[in-house]
Amino acid sequence: MTPLRVAIVGSGPAGFYAADQLLAAGELDATVDVFDRLPTPWGLVRAGVSPDHPKIKAVAGRYEKTAARDGFRFFGNVDVGRDVPVEELRAHYHAVIYAVGASADRSMGIPGEELPGSHSASHVVGWYNGHPDFADHQLDLAATTAVVIGNGNVAIDVARMLSQPRETLARTDVADHALDALGSSSIEQVVVLGRRGPAHAAFTTPGLIELSTVDGLDVLVDPADLQPDGTSESAVAADDPLLATKLAALRCYVASESHGAGGPGRRRMTLRFFAAPLEIVGDGRVEGVRVARTAIVADDDGRLRAVATEQEETIPCQLVVRAVGYRGRPLPGLPFDERSATIPNVRGRVVDGPGGAPLPGDYVSGWIKRGPSGVIGTSRKDSQETVDALLEDLAAGKLPDPSVEDADAIVRLLAERAPEHVTYAGWQAIDAAERAAGEPLGRPRVKFVRTRHLLDAAGRELTRNSG
Ligand SMILES: Cc1cc2nc3c(=O)[nH]c(=O)nc-3n(C[C@H](O)[C@H](O)[C@H](O)COP(=O)(O)OP(=O)(O)OC[C@H]3O[C@@H](n4cnc5c(N)ncnc54)[C@H](O)[C@@H]3O)c2cc1C
Ligand SMILES: NC(=O)c1ccc[n+]([C@@H]2O[C@H](COP(=O)([O-])OP(=O)(O)OC[C@H]3O[C@@H](n4cnc5c(N)ncnc54)[C@H](OP(=O)(O)O)[C@@H]3O)[C@@H](O)[C@H]2O)c1
């Protein structure tokens with residue numbers, strides 16, 4: 001058999017951890033080609049992690065080490081499924097790992113979701129992080145009140161970014177268009193809506209505490225929301241130290257309210273709980289969110305759910321961001337489970353439908369494998385499980401031999417199908433240009449936000465395959 005050749009589709013954390021695990025297994029002598037539909041690598045580390053979290057973005061330094069390993073190649077600006085169909089990719093490799101993430105949005109299924117002024121978090125996050133798909137997205141920041149729906153870490157990220165002063169943002173790699181818009185925004189207050197209680201808020205405590213460090217921001221919590229609600233809220237808190245810390249942090253914000261919040265030039269963020277959105281209202285554009293007070297009830301399976309009561313109110317606002325979770329997209333040529341919005345798999349081996357037979361040589365990792373939850377590090381373990389399955393199949397002789405023998409035939413195919421693909425050297429040229437533009441401004445980088453500009457920056461390296 002020829003040395004193991006693996007393609008990885010998607011250069012986010014899941015893709016890069018899988019590449020590293022394969023290339024680090026020295027005795028394998030594997031080669032790994034990583035493809036991404038964007039000209040740039042790192043997935044949500046570049047396009048999702050908040051610009052005001054540079055230390056988290058620094059994880060990319062680990063992936064740079066992977067890219068420096070023998071046997072690694074990067075092919076950016078190649079949309080697998082569109083530029084190269086999956087059947088064709090299979091012909092060039094013993095195995096393909098799909099690590100394409102989950103870039104669509106969960107829908108709430110309530111009226112008014114699509115009103116002008118109502119935005120999904122994925123668009124807003126892509127916009128402020130300079131994702132080329134959202135370079136022309138328009139966020140009307142003449143709004144004075146924004147409502148962020150959802151209680152996860154993404155909701156907290158977005159609420160914080162809407163509240164940061166220009167001086168803070170100006171030290172980050174936020175996209176220039178977003179720096180201009182956020183830096184001159186009229187937002188005075190951001191309301192974050194959780195449909196369940198504080199004990200079930202999906203956000204984590206560090207992000208909650210960090211809100212207290214935002215210059216000029218007063219964070220408020222209604223003390224009534226912190227009262228045990230008579231169901232199991234109180235029971236949950238009793239013997240969970242992590243939860244106790246979260247509730248203590250929330251109580252500090254109740255205390256800060258009594259110190260008088262929202263003075264001149266200051267912004268307010270109100271964390272509301274037990275508030276389920278019923279409708280986004282407005283005549284032609286967002287004017288408010290109608291919410292119901294919820295009661296928490298246990299499902300048959302014991303999960304605590306928020307159920308709307310008859311107590312309703314409308315929160316006036318001009319901007320809504322829906323941060324209720326991401327959703328996987330189907331990839332043409334591969335099975336897709338609509339219910340979980342994942343590629344059906346058993347421990348990373350793609351199967352031809354839930355409960356179905358494995359598709360030899362096809363694997364998945366990351367959000368498209370397990371759904372859109374978990375932090376960057378979660379994908380490391382996830383990829384290890386997938387790589388272990390792949391290596392087991394290799395040892396058992398279950399990997400199909402590629403019908404194309406020449407490892408460089410893929411480069412010739414790309415020259416035809418995706419002539420403007422970006423090699424790793426091309427990405428390094430983009431990286432250097434962005435960092436150089438940021439340096440005199442005291443910023444980590446100034447991002448190119450348009451594909452054309454990224455490709456121009458990749459410059460002469462564009463069609464070289466030596467990356
Ligand atoms: C807004 C936001 C902020 C976050 N902040 C943090 C944080 O601060 N800390 C933390 O630990 N975690 C954070 N996370 C979670 C973390 O980003 C994810 O757990 C992780 O990125 C998932 O990795 P992945 O590789 O599965 O997907 P992704 O990172 O989404 O990578 C998928 C890659 O596949 C590419 N791709 C998609 N389709 C194709 C195709 N057809 N052909 C070729 N390429 C394709 C995409 O362009 C992308 O580069 C955040 C998530 C979000 C949404
Ligand atoms: N700093 C970080 O480490 C960081 C930053 C960002 C993201 N991440 C990670 O990335 C993953 C994705 O984050 P996420 O915030 O997108 O997802 P998430 O953690 O699943 O949170 C989604 C939130 O939306 C709410 N929701 C869902 N449907 C709703 C509806 N119809 N109406 C009202 N609320 C609704 C959920 O409430 P219920 O709980 O009631 O369903 C939940 O509060 C998470 O694992 C997160 O930790 C990490």
Side-chain angles (χ1 to χ4, degrees), residues 6-76 97-103 125 129-131 153 157 172-173 204 206-207 348 363-370 372-388 390-391 422-435 438 443-445 447 454 458 466-467:
V6 180
I8 297 181
V9 184
S11 66
F16 260 91
Y17 287 125
D20 202 66
Q21 288 149 0
L22 285 162
L23 292 169
E27 72 284 2
L28 262 184
D29 196 22
T31 60
V32 174
D33 289 347
V34 175
F35 295 78
D36 205 286
R37 59 179 287 270
L38 296 183
T40 54
W42 322 147
L44 284 170
V45 171
R46 179 175 162 102
V49 171
S50 204
D52 57 352
H53 283 169
K55 284 193 185 141
I56 296 174
K57 285 188 188 274
V59 71
R62 282 194 60 116
Y63 309 148
E64 284 169 356
K65 293 200 172 95
T66 301
R69 287 186 185 277
D70 285 344
F72 176 93
R73 292 190 295 192
F74 176 68
F75 298 116
I97 301 177
Y98 297 92
V100 291
S103 57
V125 166
N129 263 316
H131 189 302
N153 281 325
D157 273 357
T172 72
D173 69 357
T204 42
Y363 300 85
V364 275
S365 184
W367 278 15
I368 196 62
K369 170 186 177 188
R370 65 176 195 272
S373 75
V375 292
I376 292 166
T378 318
S379 287
R380 189 170 178 196
K381 216 167 137 214
D382 198 4
S383 288
Q384 190 65 63
E385 181 186 62
T386 297
V387 167
D388 287 348
L390 189 158
L391 296 182
V422 176
T423 62
Y424 196 72
W427 154 244
Q428 287 175 311
I430 295 171
D431 188 35
E434 288 188 340
R435 286 179 193 273
R443 303 178 63 187
R445 66 178 66 239
K447 284 181 174 177
L454 286 160
S466 58

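For the numbers below, each heavy atom of this structure counts, side chains included, while hydrogens, waters and symmetry mates do not.
- Remark: Leu38 CG to Trp427 CH2 distance equals 10.5 Å, nearest 0.5 Å.
- Shown here are the ring-ring contact (aromatic ring centres under 6.0 Å, His included) partners of Phe35, two or more places apart in sequence or in another chain: Phe75.
- With sequence neighbours excluded, the residues that form a side chain to side chain contact (heavy atoms under 4.5 Å, CB included) with Val100 are Val9, Ile368.
- Under the rule for a side chain to side chain contact (heavy atoms under 4.5 Å, CB included), Ser373 has no partner lying at least two apart in sequence or in another chain.
- Glu64 pairs by the side chain to side chain contact (heavy atoms under 4.5 Å, CB included) definition with Trp42, Tyr424, Asp431, Arg435, not counting sequence neighbours.
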Open item on the list: Run the side-chain contact (heavy atoms from CB on, under 4.5 Å) test on Gln21 and Thr386 for me, step by step, so that the C-alpha distance in whole Å, both residues' side-chain angles and the decisive distance to 0.1 Å come before the verdict.
Closed with: CA-CA 10 Å; Gln21 288 149 0; Thr386 297; over 6 Å; no
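- In plain terms, the two heavy atoms of Ala14 and Gly366 that are nearest each other are CB-CA, 3.5 Å.
- For the side chain to side chain contact (heavy atoms under 4.5 Å, CB included) test, residues two or more places apart in sequence or in another chain that qualify with Asp173 are Pro51, Lys57, Pro444, Arg445, Lys447.
- A 4.5 Å side-chain heavy-atom check between Trp367 and Leu44 finds at least one atom pair inside the cut-off.
- Put simply, the side chain of Asp36 never gets that close to the backbone of Gly43: no donor and acceptor are under 3.5 Å apart.
- Side-chain contact between Arg380 and Asp20 is absent, with no heavy atoms from C-beta onward closer than 4.5 Å.
- Counting heavy-atom neighbours within 6.0 Å of Arg69 CZ, excluding the residue itself, gives a total above 12.
- The minimum heavy-atom distance between Ala18 and Ile97, with the atom names listed, is CB-CD1, 4.0 Å.
- You'll find the side chain of Ser11 reaches within 4.5 Å of the side chain of Phe16, heavy atoms only.
- Using modelled atom types, one side-chain atom of Lys369 and one backbone atom of Asp382 make a donor-acceptor pair closer than 3.5 Å.
- Between Asn129 and Gly48, the shortest heavy-atom distance links the atoms ND2-O, 3.1 Å.
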- [ ] Let me see the working for Tyr63 and Phe72 under ring pair (Phe, Tyr, Trp, His ring centres under 6.0 Å), right down to the final yes or no.
- [x] CA-CA 11 Å; Tyr63 309 148; Phe72 176 93; over 10 Å; no
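- Under the 4.5 Å side-chain criterion, counting only non-hydrogen atoms from C-beta, Asp33 is not in contact with Ile8.
- For the residue pair Val422 and Ala458, the shortest heavy atom distance occurs at CG1-CB, 4.1 Å.
- Every residue was checked against the ring-ring contact (aromatic ring centres under 6.0 Å, His included) condition with Tyr363, not counting sequence neighbours, and none meets it.
- Minimum heavy-atom separation, Tyr17 to Val59: OH-CG2, 3.9 Å.
- Residues Val45 and Ile56 are not in side-chain contact: their nearest non-hydrogen atoms beyond the backbone lie 4.5 Å or more apart.
- At least one side-chain heavy atom of Leu454 sits less than 4.5 Å from a side-chain heavy atom of Thr40.
- Val375 approaches Arg370 most closely through the heavy-atom pair O-NH2, 4.2 Å.
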Open item on the list: Before you tell me yes or no, could you show the steps for Thr204 and Asn153 under side-chain contact (heavy atoms from CB on, under 4.5 Å), namely the whole-Å CA-CA distance, both residues' side-chain angles and the distance that decides it to 0.1 Å?
Closed with: CA-CA 7 Å; Thr204 42; Asn153 281 325; 3.0 Å; yes
